Structures are given as C-alpha cells and as structure tokens.
There are 4 protein chains.
Amino acid sequence: MSKKQEIITIARGIIHSKGYQATSISDILNAASIGKGQFYHYFTSKYDLGLAVVEDLVQDLDQQLIKEIFQSKEEAKKRLNKMLDWNLASHTETKSKLGCAVGNLAIEMSEHDETFRVKIKEFFNKWISEVAASLTEMVEENQLDPTINCTKSAQAIVAMIEGGILLMKNQQDIEILATVMDIIRKQYHLI
Amino acid sequence: MSKKQEIITIARGIIHSKGYQATSISDILNAASIGKGQFYHYFTSKYDLGLAVVEDLVQDLDQQLIKEIFQSKEEAKKRLNKMLDWNLASHTETKSKLGCAVGNLAIEMSEHDETFRVKIKEFFNKWISEVAASLTEMVEENQLDPTINCTKSAQAIVAMIEGGILLMKNQQDIEILATVMDIIRKQYHLI
Amino acid sequence: MSKKQEIITIARGIIHSKGYQATSISDILNAASIGKGQFYHYFTSKYDLGLAVVEDLVQDLDQQLIKEIFQSKEEAKKRLNKMLDWNLASHTETKSKLGCAVGNLAIEMSEHDETFRVKIKEFFNKWISEVAASLTEMVEENQLDPTINCTKSAQAIVAMIEGGILLMKNQQDIEILATVMDIIRKQYHLI
Amino acid sequence: MSKKQEIITIARGIIHSKGYQATSISDILNAASIGKGQFYHYFTSKYDLGLAVVEDLVQDLDQQLIKEIFQSKEEAKKRLNKMLDWNLASHTETKSKLGCAVGNLAIEMSEHDETFRVKIKEFFNKWISEVAASLTEMVEENQLDPTINCTKSAQAIVAMIEGGILLMKNQQDIEILATVMDIIRKQYHLI
DNA sequence: CATGAATGAGTTTTCATTCAT
DNA sequence: GATGAATGAAAACTCATTCAT
C-alpha cells in the first residue's frame with residue numbers, strides 16, 4: 001500500500017469517528033506518524049484529503065456492496081438478503097457508536113460543500129438503483145406484489161437502513177438496527 | 001422573548017444549518033448583533049449554549065409532535081397521518097437542505113458527548129413509543145394486521161423518516177421524503 | 001460596619017489568598033453577594049479598591065502592631081517578644097499557606113505601581129523604626145551589646161521575619177517561622 | 001542556543017519583572033519577536049512555559065550557587081562569603097526593583113500551584129542544607145560557637161536574605177540588602 | 001521526498017467597566 | 001443606592017498552511 005493510500009486509510013478511520021471538521025491535520029499526522037511536509041506533499045489541503053477519503057470510501061462501498069453483492073450471480077432475493085447482512089455486519093457491537101461512514105458525511109457535508117454532497121449522492125443513487133433492480137427482478141419472478149413501485153420502495157429501504165443506523169448510533173445499541181432489518185425482510189418477503 | 005431565549009433561537013437556526021462544531025461563537029454574535037460579553041453573561045460556554053439549544057429544540061418538538069399531535073383527541077390513524085404531514089411540512093423546499101435538527105445533532109454529537117446523546121435519545125424514545133401506541137390502537141380497532149410487532153414497527157417508521165430526511169438533505173430534493181412518507185402510509189394502511 | 005468597609009474586608013481576604021491581579025471583581029462580588037452597580041458605586045475601579053485594601057490593611061497593622069504592641073507601656077524586651085508572638089500567631093496552621101498580606105503585596109505590586117509600593121514601604125519603615133527604637137532602649141538598659149547598629153539590626157529582624165514567612169509559605173510548614181523567631185530571640189537576648 | 005531556550009530565557013526576564021500571572025503570552029511573543037504558532041509549537045500552554053522557566057531558573061541557581069560556590073574547594077567561611085557576595089551582586093542598582101526571581105515566584109505561586117511550589121521548595125531546601133553544611137564545617141574548625149543549631153541558623157540566614165531582598169524591592173534601595181548581608185557576616189563571624 | 005519550524009488568522013473565554021432602569 | 005444587562009479589549013489557545021533545510 002502506498003504512503004498516500006496509507007494516509008487515506010488512517011484518515012478515513014479518524015473522520016468516521018470524529019467527523020471531517022472535527023478531525024485536525026495533527027490528528028492524522030499523529031496517527032500516521034508522519035510530518036507535515038509529507039502530508040502536504042501528497043495532499044494540497046485538508047479539503048483535498050477529505051475528497052480523497054470520500055472517494056476511497058465510495059470506491060470501497062462500490063466494490064463491497066455494488067460489485068460483490070448486487071452484481072454477483074445470486075438471485076435477487078439472496079442479493080437483497082446479503083446486502084442487509086453485510087450492512088448489519090458492518091456495525092459490530094464495538095463499532096455501533098460510529099454510525100454509517102457515508103451517512104455521517106452526508107449529514108455533515110451536504111449543505112457545506114457541493115463536491116462532497118454530489119459524490120455521496122452518486123453512491124446513494126447507485127445503491128438505490130441496485131435495490132430497485134433487485135426488487136424489479138423479484139416482481140418479475142412473482143416473489144413480490146407487482147403493484148409496488150420498485151424505485152420508491154428502494155428509496156424507502158435505503159432510508160430505513162440509514163435511519164436505523166442513525167438511531168442505533170444515538171441509542172448506542174445495535175439491536176435497533178437488527179430490528180429494522182427484520183422489518184425490511186418481512187415487508188419485502190425476503191425470508 | 002427574553003434575550004437569552006432570543007440567543008438560543010438564533011443559535012438553533014445556525015446550528016441547524018452548520019452543525020454545532022462548525023458554528024462559532026462569532027457566528028451567533030453577528031447573527032444576534034450582540035457582543036461577546038453579553039453572550040457569556042447568559043451562557044457559561046459554547047457547550048452550555050449547545051445544551052440549551054438541544055433542550056429548546058427537544059422541548060419544541062415535544063410540544064409540536066408529542067403534545068399537539070400524538071396526545072390530541074384524534075383517532076390513531078389520523079394522528080399518524082398528521083405526524084407524517086407535520087414532518088413533511090417541516091422540510092419545505094427552502095429548508096430541504098438543512099435536514100432534521102435532532103437527527104443532525106444525533107449524528108454529530110452522539111459519539112462526542114454523552115449529555116447531548118442522552119437528551120436526543122430521550123426524544124427519539126418518546127417519539128417511537130407514541131408511534132407504537134398509535135399502531136397498537138389501530139390494531140385494536142382492526143385497522144392493522146394484529147401479527148405485527150408495534151414497537152418494532154414504530155422504530156422502523158421513525159428510522160424511515162430520519163433516513164428519508166438524510167437522503168433528502170443529501171439529494172437536495174424534497175421529493176424523496178414525500179416518497180418515503182407515501183410508502184409508510186401504504187404499508188401501515190394510513191390512507 | 002458600612003457596606004463599603006464590608007466589601008473592603010472581604011476583598012482583603014481574597015486578595016491575601018489569590019493576590020491582587022489574580023483577584024477578579026467577580027470574585028469579590030460573589031463573596032460579598034453584591035451586584036456590579038453597588039461595587040462601582042463605592043469604588044471607581046479595581047485599582048481604587050486595591051488601594052483601599054492596602055490602606056485598610058496597613059491601618060490594621062498600624063493598630064495591632066505599632067499602637068497596641070510597640071506603643072504600649074511595656075518595656076522594650078517585652079514589646080519585641082510580643083511582636084514576635086503576634087507575628088507567629090497570625091500564621092496559624094490553617095493560614096500558613098497565605099503568607100504575609102503586606103509582604104505578598106510588596107512583591108506583587110512594588111514594581112508594578114508606585115502608589116501601592118509607597119504605602120507598603122511606609123508601613124515597613126514604621127515597623128523597622130519601632131523595632132530600632134526598642135533595640136535602642138534595650139541597649140540603654142544594658143540588655144544588649146552597645147556596639148550593634150540598632151537601625152540595621154531592626155532591618156535585619158524585619159527581613160528575617162518576612163523571609164521566614166516567605167519560606168513558611170513555600171514549604172507549607174509553620175515550623176520554619178517558629179525557628180526563625182527562636183533565632184531572633186537568641187540573637188537579641190529576648191529570652 | 002535553541003529557539004526554545006531562547007524563549008525560556010526571554011520569558012524568564014519578563015516573568016521576573018512582572019510575575020507569572022501578569023505576564024501575557026503576547027508579552028513574550030513581542031519580546032521574542034515570534035508568532036503565536038511558534039510559541040505553541042514549543043510549549044503546550046502558558047503553564048508549560050511557566051514550569052520550564054522555573055526549571056531553567058532553578059537549574060541556573062543550582063549551577064551558580066550550589067555547584068560553583070558551595071561545592072567549590074574553598075573553605076566554608078569563604079564559601080558563605082562568596083554566597084553573600086553573589087547574592088548582592090545579583091541585585092545591582094538597575095535590577096534592584098525586580099527582587100528575587102525564585103522568591104517572587106514562591107510568593108506568587110505557592111498557594112496557587114503545587115508543582116511550582118515543590119520545585120521552588122526543593123531549591124530552597126538545597127540552599128539551606130548547603131548553608132547548614134558550611135556552618136557545621138565552621139563549627140568543626142572552631143570558627144563558630146558550637147552551641148548553635150546549624151540547620152536552624154541556615155534557615156534564618158536564607159530567610160534574612162530573602163526578606164532583605166523583599167524589603168529592598170519594596171524600598172527600591174539596594175542599601176537595605178547590603179545592610180542585611182553585613183549583619184549576617186557579623187553574626188556568623190564571616191569577616 | 002521528508003522534517004518540523006514558523007506564520008497568522010480565527011476560536012473560545014475572561015474581565016474591568018459602563019449604562020439603562 | 002442598587003441591579004444586572006451590555007460592551008469591548010485582551011487573554012489563552014488551535015489549526016490549516018507555508019517554507020527553509
């Protein structure tokens with residue numbers, strides 16, 4: 001892993017935990033054991049690093065969520081189930097405090113900065129459209145009521161997950177996310 | 001309105017828009033046209049103001065959402081519909097950027113500070129339990145499938161709303177929240 | 001006791017403990033349970049209060065040390081002994097931390113402000129000259145070696161007491177002052 | 001000299017003159033012609049600097065007073081005389097206003113802060129014990145009355161010097177310190 | 001590439017003082 | 001006389017960024 005990538009990875013962890021604005025360059029320097037010069041060699045500014053972090057994050061999610069889960073050869077129902085499992089698994093007991101890395105940034109940065117906002121928006125759009133595609137597939141396979149609006153339902157599912165993570169973070173209790181996942185599974189016949 | 005309340009109200013607006021940490025005392029001073037000394041005459045610290053803001057916010061929501069909507073004499077179905085209407089109305093086109101005042105703070109502060117976290121948690125708990133009570137009432141009146149778990153469903157509803165607001169904020173599009181509300185109405189026979 | 005005197009007395013205690021500069025008007029207002037308006041009714045400024053405090057202090061010492069001890073009808077030897085006793089008694093175990101009220105101000109303010117400096121200087125001069133007079137009397141009564149220089153010895157005695165209090169304050173141990181007093185008594189045949 | 005040491009040295013001078021609390025970071029910044037950032041690059045806080053200043057001060061005194069004078073090969077009488085000379089020389093006419101750097105801090109900080117207090121206390125203890133050792137040596141060499149208590153006398157000598165400096169500072173007159181030194185020399189047969 | 005010294009604008013906070021009531 | 005709201009200068013401290021080495 002290149003030094004630059006190493007810095008991004010470390011910064012991602014800190015930003016996930018403290019938020020972008022509350023994370024100082026020094027926090028990153030200390031955690032990465034590097035000097036100022038090296039940081040500014042790789043990044044032109046804190047903002048530049050922030051963007052790199054979102055890109056790295058979105059790319060990771062793209063790989064794990066979109067490519068490995070949604071674009072796998074599994075059938076739609078299984079894909080949706082895996083997506084829920086993966087989401088739940090991302091928030092283990094110890095990390096339940098941190099919340100969703102993208103969701104946090106969505107809230108912190110959306111009004112603050114267009115570039116951040118759009119990058120995050122694109123990820124959510126991809127996620128929603130993959131969920132919608134899977135739902136459509138389920139409808140086609142007669143596993144789901146054909147009168148539902150798949151796109152809208154996909155938005156609702158992603159909203160529920162993000163809202164569930166928000167509540168989980170606030171209550172410091174992973175149970176609430178599991179509950180939300182259960183409800184989704186029941187409502188969309190994923191069991 | 002007392003000067004202190006005036007400062008809180010102004011600060012609430014700014015914090016809703018920029019977040020607690022990104023809001024500087026100077027932002028508030030300028031918006032309220034007061035001097036530093038006056039601010040510290042009413043509040044011992046920025047943190048003290050932050051707490052006052054959350055309390056004010058939670059109290060307002062308690063009045064508007066819990067007391068005026070849930071504890072009104074309307075029947076359960078109507079109450080839930082009103083709650084959804086009220087939520088949607090809170091995010092007009094112009095304010096769609098800001099997101100949920102409590103939700104934003106939940107994400108920004110939950111890991112950072114216990115006092116903030118607990119105050120917000122208590123509000124969410126109240127909200128969820130009122131939704132659960134309304135759902136129970138609907139079940140009793142045979143308006144809803146009796147096999148559903150009302151508490152869990154209430155959590156899912158609140159999660160969906162908060163998640164919907166999060167997506168709306170990120171997409172800068174109020175439509176997504178309206179969509180989520182529709183789905184809730186359909187799923188819980190509120191139409 | 002007038003309100004003004006009450007404020008002075010309270011301020012004296014706080015200044016003795018924290019020093020003049022480190023004492024804030026608020027400290028005094030809180031301790032005296034009065035408002036800003038009342039304070040500025042009696043004093044034109046913090047400096048004005050400071051001066052009043054030194055004057056009050058010096059006047060008290062003048063009464064207790066100069067008038068009641070040195071200008072009593074006792075014989076010189078007894079007067080000097082009483083002076084030492086009184087000094088020691090002023091620094092009980094609990095107050096050994098505070099040091100000498102005048103000495104502290106002498107160090108804190110002498111370079112800072114001429115008015116303070118001169119007021120304190122006058123007190124020390126009075127003290128020294130009274131000690132000198134007592135020593136002279138002892139010499140005349142053949143209780144002391146006639147070759148000593150009474151004025152210089154008086155300076156040395158006051159220096160020893162003030163230095164002893166300084167060390168006592170720093171060591172937080174009243175013993176050291178008692179030791180110094182003993183030495184003085186032996187050196188000047190006061191036992 | 002390193003920049004850090006340079007800042008300490010400059011700060012020592014200012015603190016000697018104004019006291020720790022009355023010295024502002026800006027005072028130091030201006031005197032040293034550096035920016036805030038640089039200051040906080042070397043010190044974590046004003047307190048941190050304060051501690052560094054006391055340590056630097058105590059170390060200097062340790063070198064000049066303890067090592068170079070008391071631990072020299074001279075005989076006891078000469079050592080004590082040198083100590084008095086050195087003390088007097090430290091307070092030239094121009095600097096007579098400032099008083100004793102350690103003594104000032106002893107009075108300003110002893111009640112305020114334990115760490116300062118203890119560092120200063122240790123210096124005074126060292127000084128006292130060296131004086132005591134020298135007196136003991138003089139007693140052994142029959143230059144001094146064997147019935148005196150050397151430790152107590154050492155305390156008295158240091159007290160006299162510190163008290164003399166206090167009076168000198170307050171009277172703005174170096175003469176008084178010279179007088180005190182004379183008295184010490186006579187009392188302990190140092191002439 | 002890398003270090004960390006240096007800059008300076010901005011942040012939170014304190015506090016003596018004034019002023020309207 | 002008395003209250004405490006209001007002012008504003010200055011304090012301690014933070015932090016992104018630049019620059020000499």
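Owing to the predicted nature of the structure, the values given are computational and were not obtained by experimental measurement. All chains are named by letter (A, B, ...) in the order of the sequence lines, taking the proteins before the strands, and each is independently numbered beginning at 1.
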Undergrad: On a heavy-atom basis, which atom in A:V53 and which in A:A11 lie closest, and how many Å separate them?
TA: CG2-CB, 3.9 Å
Undergrad: May I ask which nucleotide in the shown strands pairs with E:dA9, Watson-Crick or G-U wobble, both distances under 3.5 Å?
TA: F:dT14
Undergrad: Please name the nucleotide paired to E:dT14 by Watson-Crick or G-U wobble geometry with both distances under 3.5 Å, or report none.
TA: F:dA9
Undergrad: C:F43 ring centre to C:K4 NZ or CZ under 6.0 Å, with the angle to the axis within 45°?
TA: yes
Undergrad: So what does A:T23 touch, heavy atoms closer than 4.0 Å: a base, only the sugar-phosphate, or nothing?
TA: sugar-phosphate
Undergrad: Taking atom C1' of F:dA16 as reference, at what distance in whole Å does atom CG of A:D27 sit?
TA: 13 Å
Undergrad: Is there a residue in residues 2-13 of chain C whose heavy atoms reach under 4.0 Å of DNA chain E, and which residues are they?
TA: none
Undergrad: Under 4.5 Å between any side-chain heavy atoms of C:F39 and C:I34, yes or no?
TA: yes
Undergrad: Would you tabulate the nitrogen or oxygen pairs shorter than 3.5 Å linking the protein to nucleotides 17-20 of chain F?
TA:
unit_1 : atom_1 : unit_2 : atom_2 : d
F:dT17 : OP2    : A:Y40  : OH     : 3.4
F:dT17 : OP2    : A:K46  : N      : 2.8
F:dT17 : O4     : A:K36  : NZ     : 2.8

Undergrad: Report yes or no: is the cationic atom of C:K46 (NZ for Lys, CZ for Arg) under 6.0 Å from the centre of the six-membered ring of C:Y20, at an angle within 45° of the ring normal?
TA: yes
Undergrad: Between B:G35 and C:I34, name the one whose nearest nucleotide on DNA chain F is closer to the 5' end.
TA: C:I34
Undergrad: Tell me the partner of E:dT21, counting only Watson-Crick (N1-N3 plus N6-O4 or O6-N4) or G-U wobble (N1-O2 and O6-N3) with both under 3.5 Å; none if nothing fits.
TA: F:dA2
Undergrad: Between A:S33 and C:S26, which residue's closest nucleotide on DNA chain E lies nearer the 5′ terminus?
TA: A:S33
Undergrad: At under 4.0 Å between heavy atoms, what does C:Y42 touch on the DNA or RNA strands: base, sugar-phosphate, or nothing?
TA: sugar-phosphate
Undergrad: In Å and rounded to the nearest 0.5 Å, what is the OG to CD1 distance from B:S33 to B:I28?
TA: 13.0 Å
Undergrad: Judged by modelled atom types alone, do B:Y47 and B:T115 share a side-chain donor-acceptor pair under 3.5 Å?
TA: yes
Undergrad: Is it true that a side-chain atom of C:D27 and a backbone atom of C:S24 form a donor plus acceptor pair closer than 3.5 Å?
TA: yes
Undergrad: How long is the line joining CG of B:N30 and P of E:dG10, in whole Å?
TA: 12 Å
Undergrad: Quick one: on DNA chain F, does A:A22 or D:Q21 contact a more 5' nucleotide (nearest heavy atom)?
TA: D:Q21
Undergrad: For the atom pair CD1 (D:I25) and CG (D:N30), what is the distance rounded to the nearest 0.5 Å?
TA: 11.5 Å
